[in-house]
K.L.:
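Provided herewith is a single structure, encoded as structure tokens, for subsequent inquiry.
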2 protein chains.
Amino acid sequence: MLHFEGLIRIIKERREVLQVTQETLAELSGVGLRTLKQFESGKGNPTLLTLQKIADVLGLEVGINLKKVSLNK
Amino acid sequence: MLHFEGLIRIIKERREVLQVTQETLAELSGVGLRTLKQFESGKGNPTLLTLQKIADVLGLEVGINLKKVSLNK
DNA sequence: ATAAAAAGAGCATTATATGGCACTATTGTG
DNA sequence: CACAATAGTGCCATATAATGCTCTTTTTAT
């Protein structure tokens with residue numbers, strides 16, 4: 001499972017900025033520690049609900065937007 | 001499973017704007033028709049990968065952003 | 001350099017998402 | 001209205017996400 005680099009990066013950075021450990025984030029969000037570790041380490045394919053729970057605690061929100069178009073590719 | 005109204009609305013609207021049926025979107029995205037139906041009807045909790053596949057075909061992308069702060073409430 | 005804290009990984013179990021099929025309901029067009 | 005197309009649902013088998021436990025690796029602080 002891979003392709004979630006962007007999302008993962010944002011979550012990790014945000015967690016670090018807020019000085020929250022995986023363990024604390026797991027507790028606060030209600031997501032299992034194992035699940036969080038899996039996701040942050042790039043393995044795993046979380047459900048939308050799991051992602052939302054994590055994001056929520058970090059003051060983030062999951063959204064869906066128009067893709068930015070890059071002309072050349 | 002509920003709470004994904006926003007995401008669902010965007011996907012449905014976008015699908016309708018593009019005049020794509022659920023069936024076609026399912027085929028194009030590689031996501032099972034059943035899964036797509038579940039999601040759009042507000043039942044279901046798709047994985048991030050599933051959501052990405054759907055979004056991708058519609059020219060959308062899943063992202064995570066700072067929550068907008070509402071002062072009151 | 002070492003100890004403590006935090007992050008990652010193997011293994012096993014449980015919960016749940018996926019997806020096919022057949023059927024029903026809703027919507028839209030004549 | 002009436003028929004066709006599209007959307008939603010029950011049932012069910014299979015795949016895989018979620019989670020806990022234990023252990024290893026990496027990072028951080030002293």
Side-chain angles (χ1 to χ4, degrees), chain A residues 1-69 73, chain B residues 1-70:
Chain A
M1 268 318 120
L2 20 80
H3 334 75
F4 303 144
E5 295 81 19
L7 257 26
I8 294 174
R9 207 193 62 248
I10 292 172
I11 288 189
K12 271 173 122 151
E13 282 176 2
R14 182 90 180 135
R15 187 170 61 71
E16 278 150 23
V17 165
L18 297 178
Q19 301 260 64
V20 178
T21 64
Q22 289 180 335
E23 194 163 0
T24 303
L25 177 53
E27 283 161 8
L28 294 177
S29 65
V31 167
L33 179 56
R34 188 61 211 276
T35 302
L36 182 57
K37 285 175 183 298
Q38 296 251 38
F39 177 57
E40 281 199 9
S41 64
K43 324 216 162 46
N45 174 22
T47 62
L48 183 51
L49 187 58
T50 294
L51 192 57
Q52 270 196 353
K53 284 181 186 166
I54 294 169
D56 201 54
V57 170
L58 297 174
L60 300 172
E61 60 188 1
V62 181
I64 197 160
N65 312 286
L66 276 181
K67 240 181 275 190
K68 284 131 209 61
V69 180
K73 157 55 178 8
Chain B
M1 269 320 120
L2 21 82
H3 327 84
F4 304 145
E5 295 81 19
L7 258 27
I8 294 175
R9 207 194 60 248
I10 292 172
I11 289 189
K12 270 173 123 150
E13 281 177 2
R14 183 88 180 137
R15 188 170 60 71
E16 277 150 24
V17 166
L18 297 178
Q19 301 259 62
V20 177
T21 65
Q22 290 178 336
E23 192 162 1
T24 304
L25 178 52
E27 283 161 9
L28 293 176
S29 64
V31 167
L33 178 57
R34 186 60 211 270
T35 300
L36 182 56
K37 284 175 181 300
Q38 295 253 36
F39 178 57
E40 281 199 9
S41 63
K43 324 211 162 48
N45 174 22
T47 62
L48 184 51
L49 188 56
T50 294
L51 192 57
Q52 270 195 354
K53 284 182 185 166
I54 294 170
D56 200 55
V57 170
L58 298 174
L60 299 172
E61 60 189 0
V62 180
I64 196 160
N65 312 285
L66 277 181
K67 240 183 273 189
K68 284 129 209 63
V69 181
S70 81

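Throughout, protein chains are lettered first and strands after them, A, B, ... in sequence-line order, and every chain is numbered starting at 1.
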K.L.:
Could you tell me the separation between the NZ atom of A/Lys43 and the C1' atom of D/dT16, rounded to a whole number of Å?
P.N.:
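Spelled out: NZ on A/Lys43 to C1' on D/dT16 is 17 Å.
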K.L.:
Check whether any side-chain nitrogen or oxygen of B/Lys12 sits under 4.0 Å from OP1 or OP2 of D/dG8, and answer yes or no.
P.N.:
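Yes, B/Lys12 has a side-chain N/O under 4.0 Å of OP1/OP2 on D/dG8.
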K.L.:
Roughly, in whole Å, what's the span from CD in B/Glu23 to P in C/dG20?
P.N.:
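Spelled out: CD on B/Glu23 to P on C/dG20 is 11 Å.
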K.L.:
Passes side chain to side chain contact (heavy atoms under 4.5 Å, CB included), B/Ile11 versus B/Leu7? Steps please.
P.N.:
CA-CA 6 Å; B/Ile11 289 189; B/Leu7 258 27; 5.6 Å; no
K.L.:
State, yes or no, whether a side-chain contact exists between A/Leu33 and A/Gln22 at a heavy-atom distance under 4.5 Å.
P.N.:
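With C-beta onward as the side chain, the pair touches.
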K.L.:
Which whole-number value in Å describes the distance from B/Leu48 CG to C/dT16 P?
P.N.:
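Atom CG in B/Leu48 sits about 19 Å away from atom P in C/dT16.
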K.L.:
Nearest to the B/Arg15 side chain among D/dA7, C/dG8, C/dA6, which nucleotide is it?
P.N.:
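Of D/dA7, C/dG8, C/dA6, D/dA7 is nearest to the side chain of B/Arg15.
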K.L.:
Return the nearest nucleotide to the side chain of B/Thr47; candidates are D/dA17, C/dG20, C/dA9.
P.N.:
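It is D/dA17.
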K.L.:
For D/dG8, take OP1 and OP2 only and decide whether either is under 4.0 Å from a side-chain N or O of B/Gln22.
P.N.:
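The answer is yes; a side-chain N or O of B/Gln22 sits under 4.0 Å from OP1 or OP2.
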K.L.:
Please report the interatomic distance CG(B/Leu25) to CZ(B/Arg14), rounded to the nearest 0.5 Å.
P.N.:
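Result: 11.5 Å between the selected atoms.
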K.L.:
Specify the residue among A/Glu40 and B/Thr35 whose closest nucleotide of DNA chain C lies further upstream toward the 5′ end.
P.N.:
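Here A/Glu40 is the residue nearer the 5' end.
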K.L.:
Can you check whether A/Ser41 has a side-chain N or O nearer than 4.0 Å to OP1 or OP2 of C/dA7?
P.N.:
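Answer no for this pair, as no side-chain N or O of A/Ser41 is under 4.0 Å from OP1 or OP2.
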K.L.:
Could you work out which one of D/dG8, C/dG8, C/dA17 sits closest to the side chain of B/Asn45?
P.N.:
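Comparing D/dG8, C/dG8, C/dA17 against the side chain of B/Asn45, the answer is C/dA17.
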K.L.:
Please compare A/Val31 and B/Glu16 by the position of their nearest nucleotide in DNA chain D and report the one closer to 5'.
P.N.:
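Result: B/Glu16.
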K.L.:
Is any side-chain N or O of A/Thr21 closer than 4.0 Å to OP1 or OP2 of C/dA5?
P.N.:
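For C/dA5, OP1/OP2 do not have a side-chain N/O of A/Thr21 under 4.0 Å.
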K.L.:
Do side-chain atoms of A/Thr35 reach the backbone of A/Val31 as a donor and acceptor pair under 3.5 angstrom?
P.N.:
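Not at all, since once roles are kept as given, no pair shorter than 3.5 Å links the two residues.
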K.L.:
Salt bridge or not for A/Lys12 and A/Glu16, using N-O below 4.0 Å?
P.N.:
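Looking at A/Lys12 and A/Glu16, the cut-off is not met.
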K.L.:
When you get a sec, tell me which of C/dG10, D/dC11, D/dA17 is the closest nucleotide to the side chain of B/Arg34?
P.N.:
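The nucleotide sitting nearest to the side chain is D/dC11.
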K.L.:
What is the separation between atom CD1 on B/Ile54 and atom P on C/dA17, rounded to the nearest whole Å?
P.N.:
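Distance, rounded to whole Å: 14 Å.
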